[in-house]
Chemist: 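Provided herewith is a single structure, encoded as structure tokens, for subsequent inquiry.
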Amino acid sequence: MFITDCIFCKIIKGEIPSKKAYEDDKILAFYDINPQAPVHVLVIPKAHIPSVDAINEENCGIVSHIFTKIPQIAKENKLDGGYRVISNCGDNACQSVKHLHFHILGGKQLSENMA
Ligand code: 5GP
Ligand code: ZN
């Protein structure tokens with residue numbers, strides 16, 4: 001379930017500290033160490049999935065679970081004016097941590113540019 005050299009697996013295990021935004025038995029949300037907006041939360045499955053590219057019929061349930069919790073996390077962080085959800089997938093998208101994660105960005109007017 002855990003990958004030994006994966007930073008986010010280490011965060012799930014508590015081997016690397018993080019500031020928690022939400023947690024249940026299947027997912028963890030925590031604040032990004034290098035925030036790109038006033039609110040920058042990462043939402044990850046506890047089971048290691050490398051990226052969006054590895055989502056399939058068998059593991060896709062965790063994605064819908066994550067997306068049912070994102071509005072709650074946004075509300076708790078007062079993102080009433082709107083927010084952006086991003087998942088970088090692969091090298092061209094500059095994915096730096098190979099454990100599936102969704103960025104929640106908000107707390108200011110975000111740029112129109114997505115790329
Ligand atoms: P990616 O570039 O893969 O889409 O996003 C990875 C994100 O993880 C980056 O925004 C980076 O700042 C964040 N990150 C990397 N290492 C850590 C860490 O140890 N703790 C926290 N809280 N965030 C991290
Ligand atoms: Zn991992």
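Numbering of ligands and ligand atoms starts at 1, following listing order. The shown structure was predicted, so the numbers you read here are calculated from the model rather than taken from an experiment.
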Chemist: In terms of atom number and element, which parts of ligand 1 are under 4.0 angstrom from non-hydrogen atoms of Ile11?
Modeler: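 By the 4.0 Å cutoff, the relevant atoms are 18 (C), 19 (O), 20 (N).
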Chemist: So, for Tyr22 and Phe30, is the gap between ring centers shorter than 6.0 Å?
Modeler: no
Chemist: Should Ile44 and Ile27 be marked as a side chain to side chain contact (heavy atoms under 4.5 Å, CB included) after you check the CA-CA gap, both sets of side-chain angles, and the distance that decides it?
Modeler: CA-CA 6 Å; Ile44 67 175; Ile27 68 172; over 6 Å; no
Chemist: Heavy-atom contact under 4.0 Å between His101 and ligand 1?
Modeler: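 For ligand 1, residue contact (heavy atoms, under 4.0 Å) with His101 is present.
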Chemist: Counting no waters, how many protein N/O/S atoms sit under 2.8 Å from the Zn ion (ligand 2)?
Modeler: 4
Chemist: Which atoms of ligand 1 are found less than 4.0 Å from any heavy atom of Asn34?
Modeler: 12 (O)
Chemist: Where on Ser18 is there a heavy atom closer than 4.0 Å to ligand 1, on the side chain, on the backbone, on both, or on neither?
Modeler: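 Neither part.
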Chemist: Would you say the side-chain atoms of His65 and Asp24 include a donor-acceptor pair closer than 3.5 Å?
Modeler: yes
Chemist: Just do the side chain to side chain contact (heavy atoms under 4.5 Å, CB included) check on Leu42 and His103 with the steps written out, would you?
Modeler: CA-CA 5 Å; Leu42 300 170; His103 299 256; 3.3 Å; yes
Chemist: Any N or O on His40 sitting closer than 3.5 Å to an N or O of ligand 1?
Modeler: no
Chemist: So with a 6.0 Å cut-off around CG of Asp53, is the heavy-atom count from everything else above 12?
Modeler: no
Chemist: Please examine the side chains of Val41 and Ile70, heavy atoms only from C-beta on, and report whether any two atoms are closer than 4.5 Å.
Modeler: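 Contact flag for Ile70/Val41 side chains = no.
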Chemist: Does the pair Phe2 and Phe8 meet the rule for a ring pair (Phe, Tyr, Trp, His ring centres under 6.0 Å), with working shown?
Modeler: CA-CA 9 Å; Phe2 294 126; Phe8 287 176; over 10 Å; no
Chemist: Give me the nearest non-hydrogen protein atom to atom 8 (O) of ligand 1 as residue plus atom name, then the distance to 0.1 Å.
Modeler: Phe8 CZ, 3.4 Å
Chemist: Hey, is Ile86 one of the residues with a heavy atom under 4.0 angstrom from ligand 1?
Modeler: no
Chemist: Please test Ile62 against Lys26 for side chain to side chain contact (heavy atoms under 4.5 Å, CB included), starting from the C-alpha separation and ending with a verdict.
Modeler: CA-CA 7 Å; Ile62 197 64; Lys26 297 188 208 59; 3.6 Å; yes
Chemist: If you look only at pairs with a residue in residues 84-94, which of them pass as a salt bridge (charged side-chain N to carboxylate O under 4.0 Å, His left out), with sequence neighbours excluded?
Modeler: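 Checked against salt bridge (charged side-chain N to carboxylate O under 4.0 Å, His left out) - neighbours excluded - the pairs reaching residues 84-94 are Asp91-Lys98.
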Chemist: Show me which atoms of ligand 1 lie under 4.0 Å from any heavy atom of Cys94.
Modeler: 2 (O)
Chemist: Take a 6.0 Å sphere around NZ of Lys13 and say whether it holds more than 12 heavy atoms from other residues, nucleotides or ligands.
Modeler: yes
Chemist: At a 4.0 Å cut-off, with the gap strictly under it, does some heavy atom of Lys98 reach an atom of ligand 1?
Modeler: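 The answer is no: ligand 1 sits nowhere under 4.0 Å from a heavy atom of Lys98.
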Chemist: Once you restrict to heavy atoms under 4.0 Å, what part of Gln36 touches ligand 1? Side chain, backbone, both or neither.
Modeler: neither
Chemist: Mind checking whether Val97 has an N or O less than 3.5 Å away from an N or O of ligand 1?
Modeler: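 Right, the criterion is met.
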Chemist: Any chance CG of Asn92 has more than 12 other-residue heavy atoms, nucleotides or ligands included, within less than 6.0 Å?
Modeler: no
Chemist: Could you check atom 14 (N) of ligand 1 against the protein and tell me its nearest heavy-atom contact, residue, atom and distance included?
Modeler: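 The protein heavy atom lying closest is Ile33 CG2, 3.9 Å.
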Chemist: Which of the atoms in ligand 1, numbered in the order shown and given with their element, are less than 4.0 Å from a heavy-atom of Ser96?
Modeler: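 The atoms of ligand 1 under 4.0 Å from a heavy atom of Ser96 are 1 (P), 2 (O), 3 (O), 5 (O), 6 (C).
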Chemist: Could you say whether the N/O atoms of Ile16 and ligand 1 ever approach to under 3.5 Å?
Modeler: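 No: no nitrogen or oxygen of Ile16 is under 3.5 Å from one in ligand 1.
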Chemist: With no hydrogens and no angle check, do the side chains of Asn77 and Tyr31 hold a donor and an acceptor under 3.5 Å apart?
Modeler: yes
Chemist: Walk me through it: do Phe102 and Ile66 pass the test side chain to side chain contact (heavy atoms under 4.5 Å, CB included)?
Modeler: CA-CA 9 Å; Phe102 296 90; Ile66 285 171; 3.9 Å; yes
Chemist: Is it the case that atom CD in Glu15 sees more than 12 heavy atoms from other parts of the structure closer than 6.0 Å?
Modeler: yes
Chemist: If every non-hydrogen atom of Val52 is compared with every non-hydrogen atom of Leu100, which pair is closest and at what distance?
Modeler: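 Between these two residues, the closest heavy atoms are N-CD1, 3.5 Å.
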Chemist: Would you mind checking which non-hydrogen protein atom is closest to atom 16 (N) of ligand 1, with the distance to 0.1 Å?
Modeler: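 Its nearest protein heavy-atom neighbour is Ile7 CG2, 4.1 Å.
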Chemist: What is the nearest protein non-hydrogen atom to atom 12 (O) of ligand 1, stated with its residue, atom name and distance?
Modeler: Asp32 OD1, 2.5 Å
Chemist: Which residue supplies the protein heavy atom nearest to atom 22 (N) of ligand 1, what is that atom called, and how far is it?
Modeler: Tyr31 O, 2.9 Å
Chemist: Which atoms of ligand 1 have any heavy atom of Gln95 under 4.0 Å away?
Modeler: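 Numbered from 1, ligand 1 contributes 3 (O).
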Chemist: Please report whether ligand 1 has a polar contact with Asn88, defined as an N or O pair separated by less than 3.5 Å (distance criterion only).
Modeler: yes
